[in-house]
Amino acid sequence: MIKLLLVEDDTNLSYIVHSGLQEIIGGYEVITAFNGKEGLEAWREHHPDIIISDIDMPVMDGFEMVRLIRETDGDTPILFASALTSPKDVRKGYDIGVNNYVKKPFIPDELDAHLHAILKMKEGTKSRDESGICRFGKYVLDAKQAFLLNNESGNKTTLTVREAQLLQLLAQNKGEVVNRETILNRFWNTDDDYFASRSLDVFITKLRKLFANDPQIDIVTKGYSVNVLKIYDGI
């Protein structure tokens, strides 16, 4: 049984999704909240397996709710279901730690497919590395707590959840090519989406800046047409 937290201020849509997933499709225990504040309280109380949330809501919007959740919880998958899919909104959602978007309107069967894909990806990531700790060069990355420690200087850099996840993937495959499609599939649940691809480029640029003054660490993009990424550890 999948425990799902549904945060949606449209009562009719909330009822359709709730009944569609829990009663028609089955396999879900659906907990409902009608704004971000209620969603935050329900997350703390029920510890859901996955969260699906609207963005534009009264009292507290979806962006603020996710930001507060991600301060302490980098593991629970979160899906935004919204008509707000401009590049700015999509980038903001991914920056604060949302796992994927589904555009309204949608049907419960479509949503069910998205949810299972995200949960499957989460289980695969968990089985690969339970600790979240990666060491490369003079750095220690804690992907779960989302920070990067420089062992030489003692400097500790706080990362976003997505930055930590992406850097963890590259560090686990240091010296190896990681295909762009692989990254998009794992973190954005797509291999060919304009907004997700642009968001990935932004994240890579941010990660490069972390190591701009370290000649022993380099993140290399081998031509856009080839669509590959690589981390080089010179130590």
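Ile2 is connected to Val102 through a chain of hydrophobic side-chain contacts under 4.5 Å among Ile, Leu, Val, Met, Phe, Trp and Tyr, so both are in one cluster. Leu200 and Ile96 end up in the same hydrophobic cluster when Ile, Leu, Val, Met, Phe, Trp and Tyr side chains are linked at under 4.5 Å. Residues Val7 and Ile69 are members of one and the same hydrophobic cluster, defined by side-chain heavy-atom contacts under 4.5 angstrom among Ile, Leu, Val, Met, Phe, Trp and Tyr. The hydrophobic cluster containing Ile25 also contains Ile50, counting ILVMFWY residues as joined when their side-chain heavy atoms lie under 4.5 angstrom apart, directly or transitively. Criterion: ILVMFWY side-chain heavy atoms under 4.5 Å apart, direct or through other members. Under it, Leu167 and Phe203 are part of a common hydrophobic cluster.
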Practice prompt. Show your working on salt bridge (Lys or Arg N to Asp or Glu O under 4.0 Å) between Asp201 and Arg180 and close with a plain yes or no.
Written response: CA-CA 10 Å; Asp201 291 337; Arg180 173 179 287 262; 2.7 Å; yes
Worksheet entry | Verdict with reasoning, Val66 to Leu68, per side-chain contact (heavy atoms from CB on, under 4.5 Å) | CA-CA 5 Å; Val66 172; Leu68 292 171; over 6 Å; no
Discussion item. What verdict does the salt bridge (Lys or Arg N to Asp or Glu O under 4.0 Å) test give for Arg67 and Glu64, after you've listed the backbone C-alpha separation in whole Å, the side-chain angles of each residue and the deciding distance to 0.1 Å?
Written reply: CA-CA 5 Å; Arg67 186 188 68 79; Glu64 180 65 8; 2.7 Å; yes
Discussion item. Does Glu8 form a side-chain contact (heavy atoms from CB on, under 4.5 Å) with Val17? I'd like the steps, not just the answer.
Written reply: CA-CA 10 Å; Glu8 171 59 64; Val17 174; over 6 Å; no
Item to complete: Start with the C-alpha gap between Leu4 and Ile51, add the side-chain angles, then the distance that decides, and say whether side-chain contact (heavy atoms from CB on, under 4.5 Å) holds.
Response: CA-CA 6 Å; Leu4 181 142; Ile51 301 169; over 6 Å; no
Discussion item. Using the rule given for side-chain contact (heavy atoms from CB on, under 4.5 Å), can you reason through Phe147 versus Thr157, listing the C-alpha separation, both sets of side-chain angles and the distance that settles it, and then say yes or no?
Written reply: CA-CA 5 Å; Phe147 69 81; Thr157 303; over 6 Å; no
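The backbone N or O of Gln216 lies less than 3.5 Å from a partner atom in the side chain of Asp214, making a donor-acceptor pair. Judged by distance alone, with hydrogens and angles left aside, the side-chain atoms of Arg91 form no donor-acceptor pair with the main-chain N or O of Ser199 at under 3.5 Å. Arg70 places no side-chain N or O within donor-acceptor distance of the main-chain N or O of Val161, the cut-off being under 3.5 Å. Between the Arg162 side chain and the Phe187 main chain, a donor and an acceptor come within less than 3.5 Å of each other.
Residue Gln168 holds its CD atom at 9.5 Å from NZ of Lys144, rounded to the nearest 0.5 Å. Taking CG from Leu79 and CG from Asn100, the interatomic distance works out to 6.0 Å, rounded to the nearest 0.5 Å. A distance of 6.0 Å separates OG1 in Thr160 from NZ in Lys206, rounded to the nearest 0.5 Å. Expressed to the nearest 0.5 Å, how far CG of Asp9 lies from CG of Asp56 amounts to 7.0 Å. Taking CE of Met57 as the reference point, atom CD1 of Ile55 lies at 8.5 Å (rounded to 0.5 Å). Between the CD1 atom of Ile133 and the CG atom of Asp142 there is a distance of 3.5 Å, given to the nearest 0.5 Å.
Only one option out of Phe106, Phe80, Phe195 pairs with Tyr101 in a ring pair (Phe, Tyr, Trp, His ring centres under 6.0 Å); it is Phe80. Checking each of Thr158, Val140, Leu141 against Leu148 for a side chain to side chain contact (heavy atoms under 4.5 Å, CB included) leaves exactly one that passes, namely Leu141.
Scanning all heavy atoms of the two residues, the minimum distance from Leu6 to His18 falls at CD2-N, 4.3 Å. Residues Ala146 and Ala164 come closest through the heavy atom pair CA-CB, 3.9 Å. Across all their heavy atoms, Leu5 and Gly39 have their closest contact at CD2-O, 3.4 Å. When all heavy atoms are compared, the tightest approach of Glu163 to Leu159 is OE1-CA, 3.5 Å. Between Leu111 and Ile52, the shortest heavy-atom contact is CD1-CD1, 3.0 Å. Nearest approach of Leu149 to Gly154, heavy atoms of both residues: CD1-O, 3.7 Å.
Ion pairing between a basic and an acidic side chain is recognised when a charged N comes within 4.0 Å of a carboxylate O; Asp95 and Lys92 show no such pairing. In this structure, Lys104 pairs ionically with Asp54, as a charged nitrogen and a carboxylate oxygen lie closer than 4.0 Å.
Inter-residue side-chain proximity for Val202 and Arg198 is flagged as unmet; no heavy-atom pair is nearer than 4.5 Å. Counting heavy atoms from C-beta outward, Tyr139 and Ile217 have side chains that approach closer than 4.5 Å. In this structure, Ser53 and Met65 have side chains that are in contact, with non-hydrogen atoms separated by less than 4.5 Å. Side-chain contact between Leu115 and Ile118: absent, with no pair of heavy atoms (C-beta onward) separated by less than 4.5 Å.
With hydrogens and angles left out, the side-chain atoms of Asn99 and Tyr94 include no donor and acceptor closer than 3.5 Å.
Counting non-hydrogen atoms of other residues, nucleotides and ligands closer than 6.0 Å to NZ of Lys3 gives a total above 12.
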Taking distance alone, no hydrogens or angles, what donor-acceptor pairs closer than 3.5 Å link side-chain atoms of residues 27-36 to residues at least two apart or in another chain?
unit_1: Tyr28; atom_1: OH; unit_2: Asp112; atom_2: OD1; d: 2.6
unit_1: Tyr28; atom_1: OH; unit_2: His116; atom_2: ND1; d: 3.3
unit_1: Asn35; atom_1: OD1; unit_2: Lys37; atom_2: N; d: 3.0
unit_1: Asn35; atom_1: OD1; unit_2: Glu38; atom_2: N; d: 2.9

